[in-house]
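As the structure is a computational prediction, the values presented were derived from the model and not from experiment. So you know, we letter chains A, B, ... as the sequences are listed, proteins then strands, and number each from 1.
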Amino acid sequence: MRVRMAPSPTGSFHLGSARTALYNYLFARKTGGKFVLRIEDTDQKRFVEGAEREIIDSLDWLGISPDEGPHLKGDFGPYRQTDRMKIYREHAEILLNSAHAFVCFCSPERLSQVREQQQKRKEKPRYDGLCRDLGSDEVAQRKENGERHVVRFKMPEDGSTSALDHLRGEIVTENRYLDDYVLLKSDGMPTYHLAATVDDHLMKITHVFRGAEWLATFPLHVQIIRAFGWDEPIWAHLSVFLKPSGKGKMSKREAAEAIKDGHSIFIKDMGDLGYTPEGVLNWIALMGWGVAEDDVMSLDQMVERFDIDNLTPSPAGINFAKLDHFNGTHIRLLSPEELATRIKPIYIQAGYSVDDSTLMAIIPLIRERLVTLDDCLAFGGFFFKEKVDPVPEELIAKKMDAAGSAEIARKILTILETLPEITHASAEEPLRALVEELSLKPNQVFGILRVAITGQKVSPPLFESMEIIGREKVLERVRNAIGILGNI
RNA sequence: GCCCGGGUAGACGAACUAGGUAAAGUCGCCAGACUUUCAAUCUGGUAUAUGCGGGUUCGAUUCCCGUCCCGGGUACCA
């Protein structure tokens, strides 16, 4: 089995493309086949520099790299369509010779005029067939004269085209609704329709999983393949992604705004936002794939369970809450060592100097609190700081004033100073005794201490944290807090 | 306008493509347990709905007709 992902380098690699790639990858692995990356760069106007690099990088980041592609070896190259121009011209020639295509000299101006008139008459705009039956002599002559021309597919005028989509079944379209689509543009470049069908055949693609936006020209592609007399691949048109509400597609503006909430539909942003490849993969896998149970899956598990019969044709709303869920779940599935190597760069980038033993020590304290990897800053940044800067007001316990809180802090200090070592085991008992003695809520006493030690109201468990921070710094931070409370 | 898809709780999706009890499971949300904050974990709850209206049928998410909504196409873009 051979499958392919054929993006055009015209913009950022997004969720939809990623899922198409994933399904292709899963199918290839499942069947022991090959996953091919082909760059469809025939549209020079929309070409974006660096987009191909981003596609490859995104695939690598996700861990679903292709087996063949422009950056890899392979027996079916070249894998970039602009490097295959000769092939397309030859194949256009074949269709011309078999009368499945014709040369068309109509100017864009004439075509838009025709369209206008058709629309005025409430007809469907389509090519009016002026050049459909030009004699070969005339064609040769006009070409000789240097007239600009394209090659169009000669769509049968009668009958209908039946195409089989694996997810939807038979899709029947009457040929009179189909157009004489352009195959070769006047600049010599092929259109998608020619290039993709030719390449899929030459690259021996057996299954085409592509976006549902191709459904409209699906009959055309089937027609082209039949005109060549080739075997068809199995087709599956994957549903589109909708905005979170499930109503309508996400606009460019909405996509840009998602970033402000820490979300993105672009794979290149995922790492920076603290998402893991495992989480993202699991998330997109389940948009359009009905998995009955145990839906937390590793890539290997997905390969094992993937089945194109379980794919759904209906559109799926993008649900970022679910991404958070899968991300957190996969973070907790990581080994402590693996998690450490992933968050270490985040601390370093934030300017902390990180020693590995402290890092390993805090992993058990923060791992189940992380939704995204960069949450490690919020939950564990204070471990690596020389000193913390509590917000004065936050040091004041509930239902108490600054003086009262300072008083408690002093009592805490006294207790901690008597301890030769501050550990979970040694500190908990005396501090709880203090809570009893003052008849306060644990929350009040520990709250003061928490803010003093960590500089924040929400943190990993207190006693374990103090143990890691060490006696010296703990005492210093408590004294500092007492000072702050005294100045309020 | 026309053509082609899609429409099951707030979201994803089950109910195997011969019409036979519709909503399993996941996320979210709410509550409880645990508790030192936040989580994690466990338990319970939440949502009466097959877009809508007809028809065929003993019986319709499934078949037929009409209609609405969403998406794609209607390009020398992919």
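Between Ser239(A) and Arg168(A), the shortest heavy-atom contact is N-NH2, 4.5 Å. Across all their heavy atoms, Arg477(A) and Ile453(A) have their closest contact at NH1-O, 2.8 Å. For the residue pair Asp374(A) and Gly274(A), the shortest heavy atom distance occurs at OD1-CA, 3.8 Å. When all heavy atoms of Pro190(A) and Leu194(A) are compared, the pair lying nearest together is CB-CD1, 4.1 Å. When all heavy atoms are compared, the tightest approach of Pro390(A) to Ile484(A) is CD-CD1, 3.9 Å. Residue Ala452(A) comes nearest to Val478(A) through the heavy atom pair CB-CA, 4.5 Å, listed as atom of the first residue, atom of the second, then distance.
Asp309(A) comes within contact range of no nucleotide atom at all, as no heavy-atom separation falls under 4.0 Å. Within the 4.0 angstrom heavy-atom criterion, only backbone atoms of the sugar-phosphate kind lie near Thr42(A); the bases stay farther away. Heavy atoms of Arg152(A) sit under 4.0 angstrom from primed sugar atoms or phosphate atoms, though from no base atom. Contacts of Val182(A) with the nucleic acid, taken as non-hydrogen atoms under 4.0 Å apart, involve only primed sugar atoms and P, OP1 or OP2.
Applying the ring-ring contact (aromatic ring centres under 6.0 Å, His included) rule to His424(A) yields the partners Phe463(A); only residues at least two apart in sequence or on another chain are considered. Taking Phe383(A) as the reference, nothing meets the ring-ring contact (aromatic ring centres under 6.0 Å, His included) condition, with sequence neighbours excluded. With sequence neighbours excluded, the residues that form a ring-ring contact (aromatic ring centres under 6.0 Å, His included) with Phe320(A) are His263(A), Trp283(A). Residues passing the ring-ring contact (aromatic ring centres under 6.0 Å, His included) test with Phe379(A): none are found, sequence neighbours excluded. With sequence neighbours left out, Lys143(A) forms a side-chain contact (heavy atoms from CB on, under 4.5 Å) with Val103(A), Phe105(A), Val139(A), His149(A).
Atom C1' of nucleotide G73(B) and atom CD of Glu213(A) are separated by 11 Å, given to the nearest angstrom. Asp165(A) places its CG atom 14 Å from the C1' atom of U17(B), with the value rounded to the nearest Å. Look at CZ on Phe241(A): it is 9 Å from P on G13(B), rounded to the nearest Å. Regarding Phe153(A), its CZ atom lies at a distance of 17 Å from the C1' atom of C76(B), rounded to whole Å. Atom CZ in Arg46(A) sits about 4 Å away from atom C1' in C77(B), given to the nearest Å. Rounded to whole angstrom, the span from the CG atom of Asp307(A) across to the P atom of U17(B) amounts to 13 Å. Put simply, CG on Asp324(A) is 15 Å from C1' on C29(B), counting in whole angstrom units. To the nearest angstrom, P of C4(B) lies 15 Å from NE2 of His237(A).
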Below 3.5 Å is the cut-off: list the nitrogen or oxygen pairs between protein and nucleotides 6-12 of chain B, distance only.
| from | atom 1 | to | atom 2 | distance (Å) |
| --- | --- | --- | --- | --- |
| C12(B) | OP1 | Gly317(A) | N | 3.1 |
| C12(B) | O2' | Leu286(A) | O | 2.8 |

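Contact annotation: Arg148(A) side-chain N/O to C76(B) OP1/OP2 distance is not under 4.0 Å.
With its glycosidic angle more than 90° from 0, A22(B) adopts the anti conformation.
Near-neighbour residues of RNA chain B inside residues 103-119 of chain A, defined by a heavy atom below 4.0 Å, number-ordered: Cys106(A), Pro108(A), Arg115(A). Annotation: proximity of residues 218-225 of chain A to RNA chain B (heavy atom, distance under 4.0 Å) is found for no residue. Within residues 3-14 of chain A, the residues having any heavy atom under 4.0 Å from RNA chain B are, by residue number, Ser8(A).
Base pairing in RNA chain B yields stems of at least 3 consecutive Watson-Crick or G-U pairs, both distances under 3.5 Å, namely B:1-7 with B:68-74, B:10-12 with B:25-27, B:28-33 with B:41-46, B:51-55 with B:63-67.
Side-chain contact check for Thr372(A) and Asn327(A): no donor-acceptor pair (N or O, by modelled atom type) lies under 3.5 Å.
With hydrogens and angles disregarded, no donor-acceptor distance shorter than 3.5 Å links the side chain of Asn175(A) to the backbone of Met155(A).
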request  = Between protein and nucleotides 35-40 of chain B, map the contacts as a letter string: B base, S sugar-phosphate only, - none, heavy atoms under 4.0 Å, written 5' to 3'.
outcome  = -BBBBS

inquiry  = For Arg342(A) and Glu278(A): C-alpha separation, side-chain torsions, deciding distance, then whether salt bridge (charged side-chain N to carboxylate O under 4.0 Å, His left out) applies.
reply    = CA-CA 13 Å; Arg342(A) 297 211 199 179; Glu278(A) 292 90 338; 2.6 Å; yes

task = Could you walk me through whether Thr454(A) and Val388(A) pass side chain to side chain contact (heavy atoms under 4.5 Å, CB included), step by step?
result = CA-CA 7 Å; Thr454(A) 68; Val388(A) 293; 6.0 Å; no

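A47(B) and C64(B) have their P atoms separated by 34 Å, given to the nearest Å.
When each of Glu174(A) and Phe326(A) is assigned the nucleotide of RNA chain B bearing its nearest heavy atom, the one mapping closer to the 5' terminus is Glu174(A).
By the 6.0 Å contact criterion, CG on Asp158(A) is open, its count of non-hydrogen atoms from other residues, nucleotides or ligands being 12 or less.
Ring orientation note: the planes of Trp235(A) and His237(A) are close to parallel, at an angle under 30° on the 30°/60° scale. Between Trp214(A) and Tyr192(A), the two ring planes are parallel [angle under 30°; tilted spans 30° to 60°].
Listed by first then second residue, pairs satisfying salt bridge (Lys or Arg N to Asp or Glu O under 4.0 Å) with a partner in residues 422-434 of chain A read Glu428(A)-Arg432(A), not counting sequence neighbours.
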